[in-house]
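Small disclaimer: the values here were computed from a predicted structure and weren't measured. One-based numbering along the sequence shown. Excluded from the calculations below are hydrogen atoms, water molecules and symmetry mates; all remaining heavy atoms, backbone and side chain alike, are included.
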Amino acid sequence: MITASRVAVIASLSAIIGLSSGQALAQDVPDSQDHPLVSRYAGSSIVWYDFRDFDEYTLLMGPFSEDQPSQTVEGEVTRISYNLPADRSTLEVMRNYEQELEAAGFETLFSCSNPDCGGLMFNRTAVEYVSGFGGNFDDHRYLAAHRSRDDGDVHVSLYVVRNTSEGGSRHDQIFYRLTVVEGEPMDVGMVTVDAETMALEIAETGSVSIYGIYFDTDRADVKPESDSTLEEISKLLGASAGLQLYVVGHTDNTGQLDYNMDLSRRRADAVVEALVGRFGVDASRLTPRGVGPLAPVSTNESDAGRGLNRRVELVSR
């Protein structure tokens, strides 16, 4: 079922120069279709199509390097490869998508073009080695974007290349891979850690891990569904007059260390600001700190482990 938020995105993106959602060209590969949220560029045809009900996808978040920044996202994954006649440019395709994604409320996470992307190895990382894409990096462009929505975040990646490695009719044609990942909404309020439980854990171990404070990916704004947990923290402090806490932000190890250290600190700051500003906690009792991925409680090699590592910890001081 298409939700109201999805309809809004479809409406915003309908201005992309291309077909309306659901249409297809005769030359499209069998059993393929445009994604309902993001249409094709006018004149494009689908040369490859893959849909997964639930899978993970790695968004490239920086130019190619030995420790290339990336972000793994999960959800419904649609990957579509298109091609265009030779009279278009990679810049023209990319600019159209940039404008329409921005108009639909998407935020660009990373973009690059030509040498700034990192050359041949970026090409091989962005798309598997297939006809039309493989070995083409003299004229290529990449975009990763994100949009928050109530029924699950959406991530988009777009990789556009000019095919100079093949001869014949496909020489100089534009090929582009559009990937859309629609995340499932997270069930919140399923596990409640109340003030009494927090107090017992701190008394026994000196700290307690909190998983009921929520942030959007790569953001430090505390989401409204965190309020029940923040209220319990304020009750904890109200019942323990002498208790003072470090509020420690933690991330998984996805991405660069410096970025994660900064993100974890900003999230800790945001939690303290919410407790002080909206729940009346004395600011002198709270000290925000961020340690990024440096104190994991589980493996970062699995989704479940990374989820456990992303947390806020209250530490007695």
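At distances below 3.5 Å, not a single donor-acceptor pair connects side-chain atoms of N123 with backbone N or O atoms of G119. Checking side-chain atoms of N260 against main-chain N and O of T254 turns up a donor-acceptor pair under 3.5 Å. In terms of modelled atom types and a separation under 3.5 Å, the side chain of D28 and the main chain of I46 share a donor-acceptor contact. Within the 3.5 Å criterion, the main-chain N or O of V297 finds a donor-acceptor partner in the side chain of N309.
The stretch residues 112-127 participates, sequence neighbours left out, in no salt bridge (Lys or Arg N to Asp or Glu O under 4.0 Å) pair at all. Residue pairs that meet the disulfide (SG to SG under 2.5 Å) test with at least one member in residues 60-132, sequence neighbours left out, are C112-C117. Identified under the side chain to side chain donor-acceptor pair (under 3.5 Å) test for residues 267-277, with sequence neighbours left out: R265-D269. The list of salt bridge (Lys or Arg N to Asp or Glu O under 4.0 Å) pairs with a residue in residues 281-300, not counting sequence neighbours, is empty. Pairs engaging residues 68-90 under the ring pair (Phe, Tyr, Trp, His ring centres under 6.0 Å) rule: Y82-Y176 [sequence neighbours left out].
Ionic pairing of E98 and R141 is not present here: no N-O contact between side-chain nitrogen and carboxylate oxygen is shorter than 4.0 angstrom. Residues K235 and D194 are not paired through a salt bridge, judged by the lack of any N-O separation under 4.0 Å between the basic side chain and the carboxylate.
Judged by distance alone, the side chains of R162 and T90 never bring a donor and an acceptor atom under 3.5 Å apart. For the residue pair R177/S81, the side-chain donor-acceptor check at 3.5 Å is satisfied. A donor-acceptor contact closer than 3.5 angstrom links the side chains of E166 and S131.
When all heavy atoms of V161 and G132 are compared, the pair lying nearest together is CG2-O, 3.5 Å. Listed here is the closest heavy atom pair of S234 and V281: CB-CG2, 4.0 Å. In terms of heavy-atom proximity, M261 sits nearest to P293 at SD-CD, 4.3 Å. Taking each heavy atom of E76 and F51 in turn, the nearest pair found is CG-CE1, 3.3 Å. For the residue pair R317 and L245, the shortest heavy atom distance occurs at NE-O, 3.4 Å. Nearest approach of S89 to I174, heavy atoms of both residues: C-CD1, 4.2 Å.
V127 and V156 sit in two unconnected hydrophobic clusters of ILVMFWY residues. Membership requires side-chain heavy atoms under 4.5 Å apart, directly or through other members. Cluster annotation: I80 is connected to L37 through the hydrophobic network of ILVMFWY side chains, with a link wherever side-chain heavy atoms come within less than 4.5 Å. Hydrophobic clustering (ILVMFWY, side-chain heavy atoms < 4.5 Å, transitive): V73 and L178 are in distinct clusters. Taking hydrophobic clusters as Ile, Leu, Val, Met, Phe, Trp and Tyr residues chained together by side-chain heavy-atom distances below 4.5 Å, F279 shares a cluster with L243. Follow the hydrophobic side-chain contacts under 4.5 Å out from F137 and you never reach Y142; the two are in separate clusters.
When side chains are defined from C-beta on, L158 does not count as touching V38, because their heavy atoms never get closer than 4.5 Å. You'll find the side chain of N114 reaches within 4.5 Å of the side chain of D139, heavy atoms only. Contact check for Y259 versus D218: side-chain heavy atoms found under the 4.5 Å cut-off. Considering only heavy atoms from C-beta on, D227 comes within 4.5 Å of R278 through its side chain. At least one side-chain heavy atom of V271 sits less than 4.5 Å from a side-chain heavy atom of F215. With contacts defined as side-chain heavy-atom distances shorter than 4.5 Å, the pair V291/S264 does not qualify.
Among residues two or more places apart in sequence or in another chain, the side-chain hydrogen bond (donor to acceptor under 3.5 Å, both in side chains) test is passed with S240 by none. Applying the ring pair (Phe, Tyr, Trp, His ring centres under 6.0 Å) rule to Y159 yields the partners H140; only residues at least two apart in sequence or on another chain are considered. With sequence neighbours excluded, no residue forms a side-chain hydrogen bond (donor to acceptor under 3.5 Å, both in side chains) with D172. Scanning for side chain to side chain contact (heavy atoms under 4.5 Å, CB included) contacts around D258 gives an empty result, with sequence neighbours left out. With sequence neighbours left out, the side-chain hydrogen bond (donor to acceptor under 3.5 Å, both in side chains) criterion links T164 to N136. Applying the side-chain hydrogen bond (donor to acceptor under 3.5 Å, both in side chains) rule to S207 yields the partners E313; only residues at least two apart in sequence or on another chain are considered.
Atom CD of Q244 has more than 12 heavy atoms from other residues, nucleotides or ligands within 6.0 Å. Remark: E92 CD is packed, more than 12 non-hydrogen atoms of other residues, nucleotides or ligands lying under 6.0 Å away.
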Exercise for review: Take R95 and L91, measure what side chain to side chain contact (heavy atoms under 4.5 Å, CB included) needs, and give me the verdict at the end.
Suggested key: CA-CA 6 Å; R95 287 289 183 263; L91 178 62; 3.4 Å; yes
Exercise for review: List the steps, then state whether side chain to side chain contact (heavy atoms under 4.5 Å, CB included) holds for T229 with Y214.
Suggested key: CA-CA 10 Å; T229 299; Y214 305 106; 5.7 Å; no
Point to revise | Criterion side chain to side chain contact (heavy atoms under 4.5 Å, CB included) on I213 and I233, from CA distance to verdict | key: CA-CA 11 Å; I213 300 177; I233 296 174; 4.1 Å; yes
Practice item. Report the C-alpha distance between L236 and I202 in whole Å, list the side-chain angles of each, state the deciding distance to 0.1 Å, and finish with yes or no for side chain to side chain contact (heavy atoms under 4.5 Å, CB included). Key: CA-CA 10 Å; L236 165 71; I202 291 173; 4.0 Å; yes
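Distance check: T179 OG1 to H155 NE2 gives 12.5 Å after rounding to the nearest 0.5 Å. From N253, atom CG reaches atom CZ of R310 across 10.5 Å, with rounding to the nearest 0.5 Å. Atom OG of S226 sits about 11.5 Å away from atom CD1 of I210, to the nearest 0.5 Å. Expressed to the nearest 0.5 Å, how far CG of L84 lies from OH of Y41 amounts to 7.0 Å.
The residue from N163, N83, D87 that alone fulfils the side chain to side chain donor-acceptor pair (under 3.5 Å) condition with Q173 is N83.
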In a table with atom names and distances, give each donor-acceptor pair under 3.5 Å that connects a side chain of residues 57-66 to protein atoms at least two apart or in another chain.
unit_1 : atom_1 : unit_2 : atom_2 : d
Y57    : OH     : S157   : OG     : 3.0
S65    : OG     : D67    : OD1    : 3.3
S65    : OG     : Q68    : N      : 3.2

